[in-house]
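The block underneath contains the structure these notes are about, expressed in structure tokens.
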Amino acid sequence: MKAIVYTEYGAPEVLQLKEVEKPTPKDNEILLKIKATAANSGDWRLRKADPFAVRLIFGLLKPKINILGSVFSGEVESIGKNVTLFKVGDEVFGHTDMTFGAYAAYKCLSENGSLALKPNNISHEGAAVIPFGGTTAWHFIKKANISKGQKVLIYGASGAVGSAAVQIAKALGAYVTGVCSTKNMDLVKSLGADAVLDYTQEDFTQNGETYDVIFDSVNKISVSRSLKSLHKKGVLILSAAGMAEMMQGMWASMTSQKTILTGVISHQAEDILFLKELIETGKMKPVIDRTYLLEELAQAHAYIEKGHKKGNVAIKVA
Ligand SMILES: NC(=O)c1ccc[n+]([C@@H]2O[C@H](COP(=O)([O-])OP(=O)(O)OC[C@H]3O[C@@H](n4cnc5c(N)ncnc54)[C@H](OP(=O)(O)O)[C@@H]3O)[C@@H](O)[C@H]2O)c1
């Protein structure tokens, strides 16, 4: 089968189209024929080993996992003998968790992994771009216990995580303020944000407003400034924090009544089912900036690495 393989950390060109062996499902696995995947911030960070800590988990000198890609949408081609949750022909979407390998024509997945039947009202490309930003946003929104009427500010509202966070917070009944650059204001408004601030024109920490929850999805604003715009018992989400911001967050948690949420996310099938429900009820829609073919993955990575995509970049596989 065809796959995009990388054997060394580096520039987008390390992503090479190769023929590799087609996998065979174990007894508890499905074999998925992948129709679409996505190029995400997590993928380019692993490709480049940025931050350096990537090397401590994924291989010090060279990557231990050679096929990236953490999200998928496709069709079940065959199943292991103990599989009961899915059948041949089912269309499913989801997240590979830490196994990656979705930059390929086929992938074996445990039937108990982070996957669910694909929503009928969107394409495979649409379904594939939902789980990365969607599960990240939902992981933190769940922990922050965002509820009806709360004032929530999403910083980085046009990115993969931010655009999902706006839609999920809105679906839960929050009053959502999205912060993005001028060119993305219409997009963020169209996702349901009640107010949109342009970070190139206005500094939200200076306008006197305070929020129940501030969700910084891009790590482009200092923790101390965000904390000043948070209610006394508010929640600050730092989903893209580096080590320094995590330490500042811990300190703020210890010395105030504010809660700081950060760290690497985890997810399960129920999170994918939650996103499926939002899509099927029209409360969430995929945001696709560009679509590339699997063979063009290096180009897709060069684009997403600039950090200014609108929502997501889909990859058509079959
Ligand atoms: N905790 C976890 O487990 C986890 C999971 C997923 C992702 N992440 C991290 O979260 C971060 C965001 O991921 P993503 O996939 O959403 O990224 P993305 O889709 O590339 O979006 C980045 C966003 O940043 C905005 N931006 C760029 N410069 C900015 C600035 N100076 N001020 C304000 N906004 C700015 C861009 O908007 P404009 O074009 O309008 O500037 C864009 O919408 C990444 O660093 C990723 O590694 C962490």
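Note that this is a predicted model, so its numbers are computed, not measured. Indexing begins at 1, ligand by ligand and atom by atom, following the structure's order.
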Residues [X] and [Y]: side-chain donor-acceptor under 3.5 angstrom:
X	Y	value
K26	S110	no
E77	Y106	yes
T96	S70	no
H95	T135	no

Which atoms form the tightest heavy-atom contact between [X] and [Y], and what is the distance?
X	Y	answer
L191	A157	CD1-O, 4.4 Å
P12	A298	CB-O, 3.3 Å
S217	V161	CB-CG1, 3.9 Å

Original post:
Below 4.0 Å from any atom of ligand 1, is there a heavy atom belonging to N40?
Top reply: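 Judged by the 4.0 Å heavy-atom criterion, N40 does not count as contacting ligand 1.
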
Original post:
Is G307 near ligand 1, meaning one of its heavy atoms is under 4.0 Å from it?
Top reply: yes

Close N or O approach ([X], ligand 1; < 3.5 Å):
X	answer
A160	yes
G162	no
K220	no
G263	yes
T136	no

**OP:** Start with the C-alpha gap between D212 and K233, add the side-chain angles, then the distance that decides, and say whether salt bridge (Lys or Arg N to Asp or Glu O under 4.0 Å) holds.
**Re:** CA-CA 8 Å; D212 297 300; K233 293 185 180 177; over 6 Å; no

I need the atoms of ligand 1 closer than 4.0 Å to a non-hydrogen atom of [X], numbered in the order shown.
X	value
G159	16 (O), 19 (O), 21 (O), 43 (O)
N184	38 (P), 39 (O), 40 (O)
G311	19 (O)
S217	10 (O), 11 (C), 12 (C)
K183	38 (P), 39 (O), 40 (O)

**OP:** Go through H124 and E91 one step at a time and tell me if the side chain to side chain donor-acceptor pair (under 3.5 Å) criterion holds.
**Re:** CA-CA 9 Å; H124 281 291; E91 293 192 315; 3.1 Å; yes

Using heavy atoms and a threshold below 4.0 Å, how should the contact between [X] and ligand 1 be classified: side chain, backbone, both, or neither?
X	answer
I265	both
A157	neither
H139	neither
K310	neither
H308	both

What protein heavy atom lies closest to [atom]? Include the residue and the distance to one decimal.
atom	answer
atom 47 (O) of ligand 1	R45 NE, 2.8 Å
atom 23 (C) of ligand 1	V218 CG1, 3.4 Å
atom 37 (O) of ligand 1	S158 OG, 3.3 Å
atom 46 (C) of ligand 1	S41 OG, 3.4 Å
atom 41 (O) of ligand 1	Y199 OH, 2.4 Å
atom 19 (O) of ligand 1	K309 NZ, 2.6 Å
atom 40 (O) of ligand 1	S181 OG, 2.5 Å
atom 4 (C) of ligand 1	S239 O, 3.7 Å

**OP:** Determine, stepwise, if the pair K151 / E209 fulfils salt bridge (Lys or Arg N to Asp or Glu O under 4.0 Å).
**Re:** CA-CA 10 Å; K151 276 176 72 186; E209 289 281 341; 2.7 Å; yes

Subject >> Validation row, ring centre F204 to ring centre Y155 under 6.0 Å >> reply: yes

Subject >> Among R47, E13, K48, E296, side-chain hydrogen bond (donor to acceptor under 3.5 Å, both in side chains) partner for H301 >> reply: R47

Subject >> Crowding at CG, D194 (>12 non-hydrogen neighbours, <6.0 Å) >> reply: yes

**OP:** Step through the shown structure and confirm whether more than 12 heavy atoms of other residues, nucleotides or ligands are within 6.0 Å of CD on E21.
**Re:** no

**OP:** With E295 as reference, evaluate K2, K316, K18 under the salt bridge (Lys or Arg N to Asp or Glu O under 4.0 Å) test and give the passing residue.
**Re:**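 Among the candidates, only K2 passes.
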
